[in-house]
Amino acid sequence: MQDSFHNDDPIEQKFRELGNRGEGVVIAYLMGYDPDPKSFRANATSLIEGGADLVEVGIPFSDPVADGPVIQAAGVRALSAGATPRKILDAIGELSTQFAIPFLIMTYYNPILAMGIERFVKSASENGVRGLVIPDLPMEEGDGFRDIALKHNIDSIHLASPNTSRRRLLNIVDKSRGFVYLVSLFGVTGPRDILTPQALETVKTVKTIARGRIPVSAGFGISQPDHVSSLLRAGADGAIVGSVLVRTVAEHLDDPGEAPYHLKKTISGLKQASKLRG
Amino acid sequence: MTSPPFACSASSTGKFGKYGGQYVPETLMEPLKVLADAYLRFSKDPSFKKELAGWLGQYAGRPTPLYLASRLTSHVGGARIFLKREDLLHGGAHKINNTLGQALLARNMGKHRIIAETGAGQHGVATAMACAALGLKAEIYMGGEDIERQKLNVYRMKLLGAKVHPVESGSKTLKDAINEALRDWVTNVEDTYYLLGSVVGPHPYPTMVRDFQSVIGKEARRQILRQEGKLPKAIVACVGGGSNSIGIFHAFLSDMEVGLYGVEAGGRNMSPGKNAAPLVAGREGVLHGMMTYVLQNTEGQVESTESISAGLDYPAVGPEHSYLMSVGRTKYVTQTDSDALDGFRLLSQLEGIIPALEPAHAISYATKLARSLQKEDSIIVNLSGRGDKDVDIIARQFPQ
């Protein structure tokens, strides 16, 4: 079924490679420069070494409407550490020389517009970024953007949510590259204790519509190993974990050197849960 | 006859030229479509129009007078200054025009939980009033800093049965209250109606709120023709999000001889962070679901704003204003905090009308504009609200 992905796409290749082994893709999110450039680098390194298959890096925005308190606070810390799109792209560039995995960026549309779309995606591409998640750029507004990104080999990863209509879903599946980012709940980012039945239902619906043409990863509210295994068993190809990792960073602000150890432990547990076979 | 290009409505996707649109999280795309469809249906429904007109007449107090401020006119020595008295509406501001319209729409859509943001508290109060009158539940998001400086309105909202949620994120003002209301809506889309208070946000809000506010200009145009026998030389209105100004401008858009002036908050001065004048000092960007002019730094982070009037303290502006400016139909200027205080005192002392600090910016600019015009010319200032809510702030400025 997975033969029909966009074959030359490195993100989709990752899904295919792991899928063939009976594994889901675990995508780890960190806010760039949180709480400072050096700690960010150490934290990202520990996540990759701990088993994260892809790393999604946040570029902070002053008005993050899709984010809950945990990631909002990370954005504030990053901005006070001097984060700019330029500096975070450079930091990703350094990581990508060390680790041969595709990097993703999550940010809002305005910082990209301020830098200039073409300039932003070109620089992102040169720094090892292969996909962009922009929560306030829905499919309809993203037409021009998608083409420019694709020209620089960057996937526009569109979001789908529990109330996205079938007609829109068909369109989103058609226009997305890399994977479809399934928002598994009504709400903003942030760790939740339980995974709702609705999340699993949504995974099934979107998978049916995707019909193997593009991978589907679920995010928002996913914090525990059993969330990951449930989502994958429901048919998701990957899971995105963010706030639970960012919360770990926030819990060690007094001693940031401690964070990598805890992050590695958390991501290992989540990665283990993604191995459905073998 | 072809209409001038600026007299257009938003396209079906909510674009005014390149401005506007729907830059929102995916979860809101479906509810926005449902809202746009419902609004389109009800706006063409004669019984809905009749119901709204009834509420505006019997409850809100429309039509409002167009008052010739003759002592202010003589004092200034120029064009005749007329005031469109939106300050006389129930609640003390133009906001009720919009909240009644949207609350009726919400009720017709079967939504019983209403959320809203508020800056100065005027929209929060007007939402609480409309909800109480229509039997709906209101929850209002308000920045912590605004709660401090507009205590009276916070108390009024509570008296009216609304729940007020303080917002302590970001700059703790209007922009953050909108962020928080959007987050609430994303979480509770199924039973919740977001009653936005200005011509901002994603489509259909800029169009819908403008339509509800355009009653101001329709009345004013009829009144000035009846009272003066000719159109005015200029319309002057303050611009925060831009609803009272769009409301009065709209009926005059095709009257090319009428100059349309929007007055933004010049705050302390024009350096970054010291004003709230996105059209004069901002750049194009995307905030709160719309492409429009935004006060931002070179990295695209939204700037903090400063204005003596909480109602103008907002770093972006309705997309239709950005469009009207781009085609040259409207002009935008600024007046500082101290200009606004001058306007405030002048109107209080010469006319016995205490204006809100927001339209005090418009009053101040209108006096300067009137001086440059002939005595037989006229100007209409949209007096969008009364100043009772600001008496605390004024008392601190002039403590005697």
Side-chain angles (χ1 to χ4, degrees), chain A residues 59-69 72-73 75-76 78-79 82-88 107-116 120 133-142 144 158-165 167-169 172 180-190 220, chain B residues 12-15 18 20-34 167-171 175-192 201-203 282-292 294-304 315-316:
Chain A
I59 294 179
F61 178 50
S62 51
D63 296 82
V65 292
D67 287 307
Q72 284 177 46
V76 172
L79 287 171
T84 65
R86 174 75 271 148
K87 288 182 189 169
I88 290 179
T107 191
Y108 290 81
Y109 198 30
N110 203 52
I112 296 177
L113 283 177
M115 186 161 166
F120 182 89
V133 183
I134 309 169
D136 63 346
L137 188 68
M139 180 185 61
E140 288 82 349
E141 305 290 1
H158 288 296
L159 292 91
S161 69
N163 62 352
T164 301
S165 69
R167 215 175 103 212
R168 279 179 63 76
L169 274 177
I172 287 169
V180 171
Y181 189 130
L182 180 68
V183 177
S184 61
L185 47 78
F186 285 112
V188 291
T189 58
F220 282 45
Chain B
S12 60
T13 54
K15 291 281 171 79
K18 65 174 164 176
Q22 293 182 318
Y23 297 86
V24 292
E26 176 62 27
T27 310
L28 293 183
M29 291 303 286
E30 201 63 28
L32 285 171
K33 186 177 181 303
V34 170
V167 177
E168 302 298 343
S169 58
S171 58
K175 124 183 133 71
D176 311 285
I178 296 179
N179 290 339
E180 219 43 53
L182 285 168
R183 290 180 187 122
D184 180 315
W185 201 24
V186 166
T187 310
N188 303 295
V189 274
E190 293 189 329
D191 68 338
T192 297
H203 177 69
R283 294 199 322 276
E284 287 170 1
V286 166
L287 181 68
H288 294 150
M290 57 180 168
M291 166 92 57
T292 189
V294 180
L295 288 167
Q296 54 183 309
N297 69 13
T298 48
E299 267 85 40
Q301 306 298 338
V302 177
E303 290 279 8
S304 57

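We name chains A, B, ... by the order of the sequence lines, and we start the count at 1 in each one. Not measured: the values here are computed from a predicted model.
For chain A, the nearby part of Leu287(B) is the side chain; its heavy atoms alone come within less than 4.5 Å. Contact of Pro69(A) with chain B is not made at all, since no heavy-atom distance falls under 4.5 Å. Heavy atoms closer than 4.5 Å to chain B are found nowhere in Ile112(A), neither backbone nor side chain. Both the backbone and the side chain of Leu159(A) come within contact range of chain B, each with at least one heavy atom under 4.5 Å from a heavy atom of that chain. Of the two parts of Leu79(A), only the side chain, counted from C-beta on, holds a non-hydrogen atom closer than 4.5 Å to a non-hydrogen atom of chain B. Looking at Pro135(A), the atoms closer than 4.5 Å to chain B (heavy atoms on both sides) all sit in the backbone: N, CA, C or O. For Val189(B), the part lying near chain A is the side chain, with the backbone staying farther off; criterion is any non-hydrogen pair under 4.5 Å. Proximity to chain B is limited to the side chain of Tyr109(A), based on heavy atoms less than 4.5 angstrom apart. The part of Ala160(A) that comes within reach of chain B is its backbone (N, CA, C, O), which places non-hydrogen atoms under 4.5 angstrom from that chain.
Looking only at heavy-atom pairs under 4.5 Å with chain A, the residue among His288(B), Lys175(B), Glu180(B) that has the most is Lys175(B). Ranked by heavy-atom pairs shorter than 4.5 Å toward chain B, the options Val183(A), Ile134(A), Leu137(A), Asp67(A) are led by Asp67(A). No other option in Leu182(B), Val24(B), Asn297(B) has as many heavy-atom pairs under 4.5 Å with chain A as Val24(B). Considering only heavy-atom pairs separated by less than 4.5 Å from chain A, the leading option among Glu303(B), Met29(B), Glu190(B), Arg183(B) is Arg183(B).
Heavy-atom minimum distance, Pro138(A) versus Tyr23(B): CD-CA, 4.0 Å. For Gln72(A) against Ser169(B), the heavy-atom pair with the smallest separation is OE1-CB, 3.8 Å. Here the closest heavy-atom approach between residue Ala114(A) and residue Arg283(B) is recorded as CB-NH2, 3.9 Å.
With sequence neighbours left out, the side chain to side chain contact (heavy atoms under 4.5 Å, CB included) criterion links Ser304(B) to no other residue. Every residue was checked against the ring-ring contact (aromatic ring centres under 6.0 Å, His included) condition with His158(A), not counting sequence neighbours, and none meets it.
Although no hydrogens or angles enter the test, the distance criterion places a donor-acceptor pair under 3.5 Å between the side chain of Asn163(A) and the main chain of Thr27(B). Side chain of Arg86(A) to main chain of Glu299(B): no donor-acceptor pair is present (N/O by atom type, distance under 3.5 Å, no hydrogens or angles).
Interatomic distance, CD of Glu284(B) versus CG of Asn110(A), reported as 11.0 Å (0.5 Å rounding). Distance CE/Met291(B) to CG/Leu113(A): 5.5 Å, rounded to 0.5 Å. With values rounded to the nearest 0.5 angstrom, Gln301(B) atom CD is found 10.0 Å from Ile59(A) atom CD1. Rounding to the nearest 0.5 Å places OG of Ser165(A) at 7.5 Å from NZ of Lys33(B). Expressed to the nearest 0.5 Å, how far CG of Asp136(A) lies from CG of Leu28(B) amounts to 11.0 Å. The distance from atom CG of Asp63(A) to atom CG of Asp176(B), rounded to the nearest 0.5 Å, is 6.5 Å.
A salt bridge links Glu141(A) with Lys15(B): the closest approach of a Lys/Arg side-chain nitrogen to an acidic carboxylate oxygen falls below 4.0 angstrom.
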